[in-house]
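A, B, ... follow the sequence lines: proteins, then strands. Residue 1 opens every chain.
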Amino acid sequence: MKIATFNVNGISSRLPRVLEWLAEAQPDVACLQEIKTSDATFPERAFEDAGYGAVWHGQKGFNGVAVLARGARPTELRRGLPGDPDDTHSRYLEAQVDGVTVASIYLPNGNPQPGPKFDYKLAWFERLIQHADQLCRQAGPVVLAGDYNVVPTNDVADIYSPKSWLNDALLQPESREAYRRLLAQGWTDAIHQLHPGVAMYTFWDFFRKRWERNAGLRIDHLLLNRPAAARLDSAGVDRAVRGRDKPSDHAPAWVVLGTPARRGRT
DNA sequence: ATGCCTGTCTGGGACAGA
């Protein structure tokens, strides 16, 4: 079972790129972020025609997340994180597909920092950590996939060079500490696990020739609870998608989970 | 040192993104 995450940076203008990627990558589940469209204008029909059922949590102009499933409509489990009824951002959608619980996550960017946006990022992160704890303990497989807006370390595996980013919200100790505490619940960072020390970037800024120079960041992550991690076969980043015409500034990242181990004797 | 691009909504400029 292949599960992917892709920050599309606006589904309206990105739709051809996303459909093209779905056709070639053939993920069973695709978590999308920054669809930047209202619920009413989500291109449900286009995904249907491509063989994907969808659930989505839209927002006009900003944010917005979705979960697609090949040949099925995901069963929605939760839209929005608990813990703040006044939070109006569409950043979290949880669904079940074929026995696997999947969340599409768009963690707040947090810039500029310090400031209210950074405070919101950290508060949102705390709510995620709170909610993720019970998900991590679930008996069945759970995958938290999305744009975490956190570069986990200064290692070249995570960032081409931290120098010009040291004041950025993505590299702050508070952001990293929150990510580390989330992982400490028992989650496996799949890309890191299977490609330690390798530059597995998922984001390249549109300007300063960052793509041409491979000046990227690893900020899109797939976190697996133990039942999911036990099935982890492979993981990767579809870099080529970033190099095409009218791309998103992110590339898709993915994991493949193998068939569940059989319980008992048969 | 700097949104230097890009998308969205708007209404031709502003804001957000990372």
Inset, instruction - Establish, from distance only, whether the side-chain atoms of A/Y160 and A/W204 form a donor-acceptor pair under 3.5 Å. - result: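 No donor-acceptor contact under 3.5 Å links the two side chains.
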Inset, instruction - Check the side chains of A/E94 and A/H131 for a donor-acceptor pair under 3.5 angstrom, ignoring hydrogens and angles. - result: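 Judged by distance alone, the side chains do pair up.
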Inset, instruction - Would you classify A/N111 as touching base, sugar-phosphate or nothing, given that sugar-phosphate means primed atoms plus P, OP1 and OP2, and contacts are heavy atoms under 4.0 Å? - result: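 Base contact - A/N111 has a heavy atom under 4.0 Å of at least one base atom.
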Inset, instruction - With heavy atoms under 4.0 Å as the rule, sort A/K117 into base, sugar-phosphate or nothing. - result: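 Contact class for A/K117: sugar-phosphate only.
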Inset, instruction - Give a yes or no on whether the backbone of A/R17 and the side-chain of A/K246 come within a donor-acceptor separation of less than 3.5 Å. - result: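 Checked: no pair found.
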Legend entry - Heavy-atom donor-acceptor pair, A/S104 side chain to A/V67 backbone, under 3.5 Å: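 Answer holds: no.
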Inset, instruction - Decide yes or no, distance alone: a donor-acceptor N/O pair under 3.5 angstrom between the base of B/dG3 and the side-chain of A/D205. - result: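 Pair found.
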Inset, instruction - Tell me the partner of B/dA14, counting only Watson-Crick (N1-N3 plus N6-O4 or O6-N4) or G-U wobble (N1-O2 and O6-N3) with both under 3.5 Å; none if nothing fits. - result: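 The base-pairing partner of B/dA14, which may sit in any strand shown, is B/dT8.
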Inset, instruction - Provide the distance between the two C1' atoms, one in B/dG11 and one in B/dG17, to the nearest whole Å. - result: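 Result for the C1' pair: 22 Å, nearest Å.
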Legend entry - A/N63 or A/K60, whichever maps to the more 5' nucleotide of DNA chain B: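 The answer here is A/K60.
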Inset, instruction - On DNA chain B, check which nucleotide each of A/T37 and A/F207 is closest to and give me the residue with the more 5' one. - result: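 Result: A/F207.
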Inset, instruction - Can you figure out which of B/dA16, B/dT8, B/dG17 approaches the side chain of A/F62 most closely? - result: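 The answer is B/dA16.
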Inset, instruction - Would you please confirm or rule out a distance under 4.0 Å between OP1 or OP2 of B/dT6 and any side-chain N or O of A/K36? - result: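 No, A/K36 has no side-chain N/O under 4.0 Å of OP1/OP2 on B/dT6.
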